[in-house]
Every structure is written in structure tokens, then in C-alpha cells.
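Working notes for the structure below.
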Amino acid sequence: MPAAETIQQNDPSFPDIWEEITWRELVHVSTNADELKTLLAGPPITYYCGFDPTAPSLHLGNLVQLLLLRRLQLAGHKPLGLVGGSTGLIGDPRPTAERTLNDEATVTEWVGYLQGQVSKFLSFEGDNAARLVNNLDWTAPLSAIDFLRDVGRYFRVGTMLKKDAVSARLNSDAGISYTEFSYQILQGMDFLELYRSYDCVLQTGGSDQWGNLTSGTDLIHKAEGVSVHAIGTPLITNSDGTKFGKSEGNAVWLDPAMTSPYAFYQFWLNTDDSDVVRRLKIFTFLARDQIAALETAVAEAPFRREAQKVLAFDVTTLVHGRDATEAAIAASAALFGQGEFGSLDEATLAAALRELAHVDATADTTIVQLLVDTALVSSSSEARRAIAQGGVYLNNIAVADDQAVVGGGVLQGNVAVLRRGKKTLAGIFIVG
RNA sequence: GGCAUGUUACCCAAGUGGCCAAAGGGAUCUGACUGUAAAUCAGACUGCUUCGCAUUCGGGGGUUCGAAUCCCUCACAUGCCA
């Protein structure tokens, strides 16, 4: 375990930031690479990335963008963090189906949450201080007529139809609404507005947003006669083909109330050997030689999982802070340690359990009920099924009977550890 | 606006009057093996007061002893025509 969190800095062994972000595999597509390299090596530029409030929190996919913003800021450039108050009301077209529109009050509330999260990853001090912007500020006052005359005229429908996001939907039987079809115009407008107000010349985003990114560069080219840039980051994938950023089928959120720091730490700790080096490059500020050393460690002693430990420590610390990470590690050590729970002291055990999903219960509560209460399973049918399959443990002892109650299975301090499968745990505090 | 076709569980997708809680694949979960990996193998995967019962196949209504399957209607989608 590292003694201290990695300092946020770019690796000085790279000649310039472009070389570094390329090495970190952060660039999947971009506008002219040579020009971008030169631009980023030169005097500070203003750049931006947008986050749409389609949920109350950002998730791991957004973290890639946040870290790219931060790396560019560390290279001296000036970030704009855009939270899409207006684009969030529309929603970008997903490949499969139309989105459900969220109401304005909800979106407004989420805008606030996301702004808070974005702020944590950027510096708001110094010559290249970050700024937060909200596209509702310039789209809300716009009338439909102004929109069509001033902005719409620059957009060719043929071009819009060719965007992957749109054509995928047109070719599916879901079709696409005019609302979502218009999304690319809104995002293009954002870039133009930021170019005019802040001299913003670069937009970053996921490669799945490439059509929307170029929508902006094209618009600026037409409206202002200027060439600006875009960088599309790769879609992060797991080598086994499953989706990155899902734990137990749920998204991993940055909000500790939605994904606990313990669960967050565990998510990273469980990274596959074959993915861990790529994760280190993208999600940590470790230097090239440090990552190379960890790569060797994975190859020579994979069972030690050194790289995973460093990755989990660094990313959890980055997102949740040092204290939360220490607590998550302590809980992990207690719960996954060699010894029996009975050998742990009361305070350590209780603290560990509080890192997990935990509930209060009486001694005569059934295990089935507790599995449901702790959200280890989603229904009592599933709880019985899990018990029947031998996948439920109380204090590391398999539960065989689906009528069983917590009863005597109580540890020091009147607590019990409920486990489903190998590593999904919950704490039970016996009261009354 | 007209004609045609389609809408099945998390996703894809069979099923076209009873043998359908509904094939198959993916995802997911559990077990074995392990390093709290991966791969592989096995099992599970609507809910419940679980050897039984209840509710599901876009919404509503109808025919029938009986419907995911037939009819009507509404909504949505796709294609062609206007």
C-alpha cells in the first residue's frame, strides 16, 4: 500500500502533454493531431468538456473526462467545466431507445450536484483557474425563431443524419424524435458560445460523442471561419468484453451516498490483471516508470495484486479523500483478513461494518429478511434461492435453512456479518 | 391521411389457441477451481405465505372452458403510398 496519495502532476519525462495523453491512451479520435500537439505545447488555451445532468451524480465514465480536464489544466491550460442545464433537458440520443425526459426541477437539482462534483477535480486558483458554465444561460433566452435563423441555418440535415448516433437510431426500429435529433445542434451551439465568450478552442468528450464534438467544430468553422479542435477519449472496455464501470450490474457513482467509498475501493481492487495497467494510465497520476514497475509486478507475482492495490488506493483517494480510503482499506482488511471475525476487537469490527450496507435488527429477524433489508438481494424469493444455492453466509458460516434467524449468530458488540457470494457483505447490528 | 408490418422478461430473440412463467443467446448472480483474478465447468435468473398460488408477453376491451397466440380499439415505431 502506498504511503501517501500520488501528487497530481503530469509526468515530466514526456516532452509535452500531447505525448502523455496519447501514451495514456486517452485519445481515440481527434481533429488534426499535429496541430493539436503544437497547440497544447504552446501558450495556455481555453478548453471545455460538458457533463449532462441525466442522473444525480457523475459516474466512472465521467471520471475519465474529469481526469483529462485536470491533466490539461496541469499542463497550464484553462478548463471550462460545463454542466448542461439545457442539454440535460433534452438528452443525447442513445443507440437503443428514446430517453425519458426529466422535469426541469429535477434537472436543476442535478445540475447543482454535478457542478459540485466537477469542481472537486479542478483548481480554481491561479492564472489558469477553472470556471464553471451552464449552457442554460445562453439557450434559455433564445427564441425558437432566433434559434432557427441564427443557428439552424448552419446545419445541413444530410450531415446531421449521417452522425452515427442518429443513423443508428434511424436504422433501428426505435426511430428518433425531433427532440433528440436536435441535440447535436445544442451541443454545437455550446462550443460556439464558449469560443465567442472565452476563446475556447478545444472540446473533449467520449468518442461516442464524436458527432456532437464535430458538430461544434463545424459550426465554428462556418460561423466564424476558424478551425478549433476536439479530442474523443476511448470507450473504456474490460478485456473480457463486459461493460466497464458496473459493479453487481449497477453503475459505480462518484457520489459516496450512491456508491460507498468501500464499494468504490472494492470495485477497483477487483480489476482484472489484464486491465489494470490500462486503468493505471487513465485513472491515476502515476508516472510512466511507476506504472512500468507495477506492470512487472503483475507479470511476476499476480497473486499479490500490487497494481490493483495501488490503483484502488489512488483512485479512491482522488475521489473520496484520504480518510475515506483509509476506512475502506481497514474495513477490507478486517472483513477479508485471515482471522475469524471473533478475533477482531469490537471497535474495529463495528467500524468495518459501518462501511458496508448495514441495518439494525432483532435477534429473531430471519436471514431472508436481512438479505432483503441490506439489499444483498432484491426480493425474498431471491434470498431463498441464494440460500438454497449455498451462497449465503452468516459470520462466514454457510446458512443452510431459509427459516433461520440471526439468533445466536452474534459476534462481540452484538453485530453479525452477512455475506452473499464471495465478496458481497453487509453488517447487522442487533438491537433490543 | 392511407396501406402494410411490428411492439415478448435487463438486452437480443423464439413462440402464432391448451404440453407457456414462456425456447435460445448475451448480461447478471451462485457453486467448484483460485489471488476478494481471468478462463473453464455446473446451477440459477417474475413475485409470494414456494412441493402450491398469484401476476406477466405495448395499453384497454372482447371471443373462448381456455389467449403471448384470434377479434376490436388506442398508443408508439418502421416501410411504402399520398
Side-chain angles (χ1 to χ4, degrees), chain A residues 1 93-101 161 166-181 237-252 262-279 294-295 297-313 316 328-339 341 352 355-356 366-369 371-372 374-393 396 398-403 417-426:
Chain A
M1 184 189 313
R94 286 187 294 194
T96 48
E98 198 80 6
R99 286 176 185 273
T100 308
L101 295 176
L161 289 172
V166 173
S167 69
R169 282 279 292 278
L170 286 173
N171 291 331
S172 79
D173 54 12
I176 186 168
S177 67
Y178 186 73
T179 310
E180 290 192 3
F181 177 61
T237 54
N238 291 333
S239 53
D240 62 7
T242 57
K243 246 184 194 170
F244 166 75
K246 301 274 176 177
S247 170
E248 299 260 317
N250 300 312
V252 176
Y262 168 83
F264 191 88
Y265 178 84
Q266 284 286 326
F267 170 81
W268 291 102
L269 192 65
N270 280 297
T271 302
D272 290 0
D273 293 356
S274 50
D275 291 322
V276 71
V277 171
R278 284 157 59 218
R279 300 286 183 271
L294 289 169
E295 185 167 13
V298 172
E300 291 177 355
F303 52 89
R304 288 190 202 282
R305 295 181 298 139
E306 272 181 53
Q308 280 89 342
K309 286 176 184 168
V310 172
L311 176 68
F313 180 89
T316 309
I329 292 173
S332 298
L335 299 168
F336 287 98
Q338 310 301 333
F341 296 133
E355 294 295 317
L356 309 172
T366 62
I367 300 297
V368 167
Q369 186 60 43
L371 286 165
V372 174
T374 53
L376 249 41
V377 301
S378 55
S379 71
S380 29
S381 284
E382 197 177 329
R384 287 194 196 86
R385 204 179 291 136
I387 291 172
Q389 292 182 141
V392 175
Y393 308 80
N396 280 344
V399 176
D401 177 10
D402 64 11
Q403 304 292 317
V417 182
L418 191 60
R419 171 158 65 91
R420 184 204 181 187
K422 284 177 187 162
K423 53 199 177 191
T424 316
L425 296 145

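- For Tyr393(A), no side-chain nitrogen or oxygen approaches OP1 or OP2 of rU30(B) to under 4.0 Å.
- Applying side-chain contact (heavy atoms from CB on, under 4.5 Å) to Leu356(A) and the options Leu425(A), Leu418(A), Thr424(A) leaves one that passes, Leu425(A).
- Only the P atoms considered, rG17(B) is 14 Å distant from rA67(B), to the nearest whole Å.
- At a threshold of 4.0 angstrom between heavy atoms, the contacts of Arg305(A) include nucleobase atoms, whether or not backbone atoms are also involved.
- Taking atom C1' on both nucleotides, rC33(B) is separated from rA42(B) by 12 Å, rounded to a whole Å.
- Atom C1' of nucleotide rA38(B) and atom CZ of Arg278(A) are separated by 14 Å, given to the nearest angstrom.
- The C1' atoms of rA68(B) and rA13(B) are separated by 14 Å, rounded to the nearest whole Å.
- We find that NZ of Lys243(A) is positioned 9 Å from C1' of rC11(B), with the value rounded to whole Å.
- Across the P atoms, rC72(B) and rG6(B) are found 14 Å apart, a figure rounded to whole Å.
- Residues of residues 374-384 of chain A having a heavy atom closer than 4.0 Å to RNA chain B, listed by number: Ser379(A), Ser380(A), Ser381(A), Arg384(A).
- Side-chain atoms of Gln389(A) and base atoms of rG31(B) include no donor and acceptor less than 3.5 Å apart.
- Nucleic acid contact for Asp272(A): sugar-phosphate only, since backbone atoms but no base atoms lie under 4.0 Å from a heavy atom of the residue.
- One can place NZ of Lys246(A) at 15 Å from C1' of rG26(B), the figure rounded to the nearest angstrom.
- Contact annotation for Asp240(A): backbone-only contact, meaning every heavy-atom pair under 4.0 Å involves sugar-phosphate atoms and none involves a base.
- Nucleotides rG47(B) and rA22(B) have their C1' atoms positioned 16 Å apart, rounded to a whole Å.
- Contact annotation: Lys422(A) side-chain N/O to rU34(B) OP1/OP2 distance is not under 4.0 Å.
- Residue-level contact check: Ser239(A) touches neither bases nor backbone, having no heavy atom under 4.0 Å from any strand.
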